[in-house]
Amino acid sequence: MNEVRSLYRPQEFEAKWQAAWATQGLYDTHEDLHRPKWYALTMLPYPSGELHVGHWYAMIPSDTAARYKRMQGYNVFFPIGFDAFGLPAENAAIKHGADPRQWTYNNIQNFRRQLRQMGAMWAWDREIVTCDPDYYKWSQWFFLRMLEEDLAYREYATVDWCPGCNTTLAREQVWGEDRHCERCETPVIKRDLEQWKFRITRYAEELLAALPELEWADSVRTMQTHWIGRSEGAQVTFHTEAGDPIEIFTTRPDTLWGATFMVLAPEHPLVAKVTTSDRQAAVEAYVAQAAQLQEEERGNPEKTKTGEFTGSYAVNPVNAAHIPIWIADYVMMGYGTGAIMAVPGHDARDLEFARKFDLAVLRVITGPDGATGPIEETWSSQTEGAMCNSGHFDGTPVDGAGPKVTAWLEDTGKGRAHVNYRLHDWLISRQRMWGTPIPIVYCPDCGVVPVPYEDLPVRLPEETHVQASGENALLHTPSFRETACPRCQGPAQRETDTMDTFMCSSWYQYGYIEPYRKKGEPLSRDDRPWDPKAGQYWLPVDQYTGGIEHATMHLLYTRFFTKALRDLGVVDFDEPMLRLFNQGMILGPDGEKMSKSRDNVVDPDQVVAAYGADVVRGYLMFIGPWDQGGPWDPQRIEGIRRFLQRFWTVANAADKDGAGSGDARGLERKLHATIRKVTEDLDHFRFNTAISALMELNNDLMKALPTQLQGTALWNEAVDTMCLLMAPLFPHLSEEIWFRRGHAGSVHLQSWPEFDSAKVKRDRINIVVQVNGKVRATLKVEADLSETSLREEALAHPNVQAHRADKPLRKVIVVPGKLVNLVV
RNA sequence: GGGAAGGUGGCGAAACGGUAGACGCAGCGGACUUAAAAUCCGCCGAGGUGACACUCGUGUGGGUUCGAAUCCCACCCUUCCUACCA
């Protein structure tokens, strides 16, 4: 067979099919109540300058999964949009004098072109752009509704400020040991500012409790669990000798009797009041120094303890002991009450502090043997030993002592059970112009006035007065800033802070749903952002995919937002995304994270031009398990290209010129085994092994090509079925082949093939014979051979006899269809 | 300090407790070609053999089992997250 084989040239047909699908509206959205729905969602991209292979890695497998669901009969909704507010646009404006709006929309234009090259089945008819006023008016509407419910509030507090980005940050956007800005990596500093916050802490318990029901990776759920940081204990009120109450939180109320001093955070509001005049200079110096210190140094556990005595004493409510009040930076204002009782007998940090400043140490828990032991190291075991030096609690086993002490504290009014969370309310104010304006007006007479619903959206000004200093341009745009008070019509000023962009992405999955109001229509309080009937059909999201870096940011915020919307009566479910899959990260060819500075960035446009979209798609899914990521290997992409070439060869083979009969039964078996394998793999997002299975089938077809099997009904069934199995993974190639093989209609409108388990079974099977667990022979036998005959055949095998060496059989294990193990 | 995910050929990786290394990359040999590319066929864990046989082999050490990459215990290493959290 020396016919000239035609070459697979994807460049000749990929664009053609992309255009055809768009013209046919193949992927347009239709709410069809008679078909089961499947809402597949991939985290929407931020339109930076260029599309990255990382975007391909995030989007292609999820497109494949969505296409697969569609062929299985689901009405699949797979929307796309752009998370278009954010700092890079503003930075480009500052750096190059570009208009942030222009810059963003140009990028979106470019992204759309690059995204279309992927051949994904996105519902472009439902595209959203978060910087579009018709989108952000709803963010403002949500803000106003949340304000009504006391879920949004304004507070003067110490906040994290990024000097690089010139704005405040949410606690979630402060990363790492050195507490740097998530965006620009500048270490953050503390500032006291009046800022808007969302009361996410109201949902702390529910956000935590609902985690086990979600089909999310354990890693993300544990990260959220830790982030929420629930700890049970007691809040206890100490008093200064002067009578001022000091609240402390402890997870170990059973160690209350061991408190030998107290420590306040340097920022604690009582510090000035409790400091005696002789200690004032030293305390003030310490407070000033702590304020200057980078959190980096403060937060470092290796650092030796520092602190100052305030000169005052507190009274321990449980035993009336008078104990000194210190300030020290190892106590954080942001956790608990910012004040602790120090129990050096049972806490390593308190012990270190006590040693350094020569403070008293007292054991109030005995060891398991009753001894109190040396104070070399603390023991904080919850389960061993008993209380001592603790009044009438002496002898109480430590296991379970906490709740007993707490109950007594409540009875005697000294304290109460308390659950403390590490989670902070979500600070949403940003001192940036390229974001959703916060719909608030400050009136000298009426105070803080919400913008009326019918006046939404509060639009960003057309003209921006970008400040080289990086300061918020809205402050310097009088046409925006100066306004009339909605209440008294007097002169007033708009809020110039904008919302955290995580606000935009907290509800975007709902923004894709058919809108209830036409663009530009005025809003009212009782309005709805989307058509309730369409929402009822599509929501919630069935399958969400995206990077794990959002574990404690976006993925937490959107859960909060959904619960808040539920309580506002906007949605009737509790969780936004039922299943979540986190893909890994694609690395540069050198195994390092792709970055311009390392010069290891792979440009998807170039690779697509060289190989076509299907090869790139296949390569990315073949690298390995999707959640694992891995380096981009320019050599291995050839493997996928060869595979598609070979499928092309098989599928386009015209003439039957075979010699030899070929193994029809073998091919049929392989075909059905492949359907089963690919189905199972796609169900579990195992794209790499699905492709391997398709390669195996194709290898068998290649082998059958020169035989008389080629051109038979079975052959054609195998090629067509393989084409269907390939369709979600390689949409262009399979469409082209489907068309060339003379089928009417798109391959993407076909049903997913089903396998026949009877045809998967083999007639003759290989049985492994082991002697004492070691393989000594393989037998090819009839599949339905009886156990007795199998045993006989196994024993008759010469190599088995050699290893058995006439020793008596102690046991024979027969695993049907698999193996025989002879124990001698 | 706490947590999560990992550790299998030269490389990426497969493997319901049942023949470890499917599939692919690289490499080697061959066919085709003036030649190269492309394409096609074959070999490909280590030791050992003419070829078999056989021995070793899934981070380390134990355990459970007829049988362990897989289950259990202890430890080592890598990556990521988190952290003076009271």
Side-chain angles (χ1 to χ4, degrees), chain A residues 1-2 4-5 7 175-177 217-223 225-227 229 231 233 248-252 255 263 265 298-303 305 328-332 334-343 346-350 352-353 380 420-422 548-549 551-552 582 584-585 619 622-625 627-631 633-643 645-646 649 677 686 688-696 698-699 702-703 705-706 766-778 799 802-803 810-815 817-824:
Chain A
M1 51 162 254
N2 287 325
V4 178
R5 284 184 171 160
L7 287 178
W175 286 13
E177 251 174 71
D218 285 346
S219 52
V220 178
R221 291 188 297 184
T222 23
M223 276 158 90
T225 304
H226 289 315
W227 193 262
S231 46
I248 61 109
F249 171 73
T250 177
T251 53
R252 295 296 306 277
T255 64
V263 186
R298 260 191 84 168
N300 182 359
E302 315 284 293
K303 195 194 120 191
K305 299 271 182 293
D329 63 9
Y330 81 92
V331 175
M332 304 291 161
Y335 184 80
T337 62
I340 63 160
M341 63 160 183
V343 185
H346 302 282
D347 182 284
R349 295 155 302 179
D350 296 346
E352 190 196 333
F353 195 82
S380 50
N420 193 64
Y421 297 95
R422 214 181 67 107
I548 202 167
E549 65 272 15
T552 54
N582 303 105
M585 205 186 345
Y619 168 63
F622 192 60
I623 287 178
D627 55 358
Q628 207 174 285
D633 183 342
Q635 283 185 313
R636 289 185 53 211
I637 196 168
E638 279 291 338
I640 292 291
R641 193 194 58 73
R642 278 177 211 151
F643 164 51
Q645 169 66 60
R646 287 154 62 89
T649 303
K677 174 73 175 153
R686 293 189 295 241
N688 57 330
T689 47
I691 292 175
S692 298
L694 289 164
M695 285 173 166
E696 284 188 48
N698 198 57
N699 288 346
M702 281 296 280
K703 286 200 184 81
L705 198 54
N766 287 327
I767 297 286
V768 172
V769 185
Q770 298 182 330
V771 179
N772 289 338
K774 284 190 185 287
V775 181
R776 297 304 177 187
T778 49
N799 201 37
H803 283 277
R810 282 181 42 212
K811 201 171 174 184
V812 179
I813 289 131
V814 179
V815 181
K818 290 264 185 193
L819 64 72
V820 179
N821 189 10
L822 307 168
V823 187
V824 299

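Values below: all heavy atoms of this structure, side chains included; hydrogens, waters and symmetry mates excluded. Lettering of chains follows the sequences in order, A, B, ..., and the numbering in each one begins at 1.
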Student: Pull out every protein N or O sitting under 3.5 Å from an N or O of nucleotides 52-59 of chain B, one pair per line with the distance.
Tutor:
{"from": "C54(B)", "atom 1": "OP1", "to": "R776(A)", "atom 2": "NH1", "distance (Å)": "3.3"}
{"from": "C54(B)", "atom 1": "OP1", "to": "N799(A)", "atom 2": "ND2", "distance (Å)": "3.1"}
{"from": "C54(B)", "atom 1": "OP1", "to": "H803(A)", "atom 2": "NE2", "distance (Å)": "2.9"}
{"from": "U55(B)", "atom 1": "OP1", "to": "R776(A)", "atom 2": "NH2", "distance (Å)": "3.4"}
{"from": "U55(B)", "atom 1": "OP2", "to": "R776(A)", "atom 2": "NH1", "distance (Å)": "3.3"}

Student: Are OP1 or OP2 of C23(B) and a side-chain N or O of N699(A) less than 4.0 angstrom apart?
Tutor: no

Student: Does R641(A) form a salt bridge (Lys or Arg N to Asp or Glu O under 4.0 Å) with E638(A)? I'd like the steps, not just the answer.
Tutor: CA-CA 5 Å; R641(A) 193 194 58 73; E638(A) 279 291 338; 3.0 Å; yes

Student: In terms of side-chain heavy atoms of M223(A), which of A38(B), A86(B), C81(B) is nearest?
Tutor: C81(B)

Student: Choose from A86(B), U82(B), G12(B) the nucleotide whose nearest atom is closest to any side-chain atom of F622(A).
Tutor: G12(B)

Student: C40(B) phosphate, OP1 or OP2: any side-chain N/O from R646(A) under 4.0 angstrom?
Tutor: yes

Student: Choosing from U19(B), A14(B), C25(B), which nucleotide comes nearest the side chain of R636(A)?
Tutor: C25(B)

Student: Would you say R349(A) places a side-chain N or O within less than 4.0 Å of OP1 or OP2 belonging to A83(B)?
Tutor: no

Student: I'd like a table of atom pairs between the protein and nucleotides 66-70 of chain B - only N or O on both sides, under 3.5 Å - with the distance next to each one.
Tutor:
{"from": "C66(B)", "atom 1": "OP1", "to": "K811(A)", "atom 2": "NZ", "distance (Å)": "3.4"}
{"from": "C66(B)", "atom 1": "O2'", "to": "N821(A)", "atom 2": "ND2", "distance (Å)": "3.4"}
{"from": "C66(B)", "atom 1": "O2", "to": "N821(A)", "atom 2": "ND2", "distance (Å)": "2.4"}

Student: Out of N582(A), T552(A), T225(A), which residue meets the side chain to side chain contact (heavy atoms under 4.5 Å, CB included) rule with V220(A)?
Tutor: N582(A)

Student: Applying the Watson-Crick and G-U wobble criteria at under 3.5 Å, what pairs with G67(B)? Answer none if nothing qualifies.
Tutor: none

Student: A22(B), C40(B), U19(B): which one has an atom nearest the side-chain heavy atoms of S692(A)?
Tutor: A22(B)

Student: Is the shortest side-chain N/O distance from R422(A) to OP1 or OP2 of G2(B) below 4.0 Å?
Tutor: no

Student: As a test of reading the structure: which of C84(B), A4(B), G24(B) is closest to the side chain of D218(A), going by heavy atoms?
Tutor: A4(B)

Student: For A13(B) and Q628(A) - does any side-chain N or O of the residue sit under 4.0 Å from the phosphate oxygens OP1/OP2?
Tutor: yes

Student: Just the rounded figure in Å: distance from C1' of C85(B) to CG of D329(A).
Tutor: 15 Å

Student: With respect to the side chain of R642(A), which nucleotide from A26(B), C84(B), A13(B) is positioned closest?
Tutor: A26(B)

Student: Using the ring of Y330(A) (Phe, Tyr or Trp, six-membered ring only), decide whether K305(A) places NZ or CZ under 6.0 Å from its centre and within 45 degrees of its axis.
Tutor: yes

Student: Of the nucleotides A14(B), A38(B), A4(B), which one has an atom closest to the side chain of L7(A)?
Tutor: A38(B)

Student: Where the side chain of W227(A) is defined as all heavy atoms beyond and including C-beta, which of A86(B), U82(B), A14(B) is the nearest nucleotide?
Tutor: U82(B)

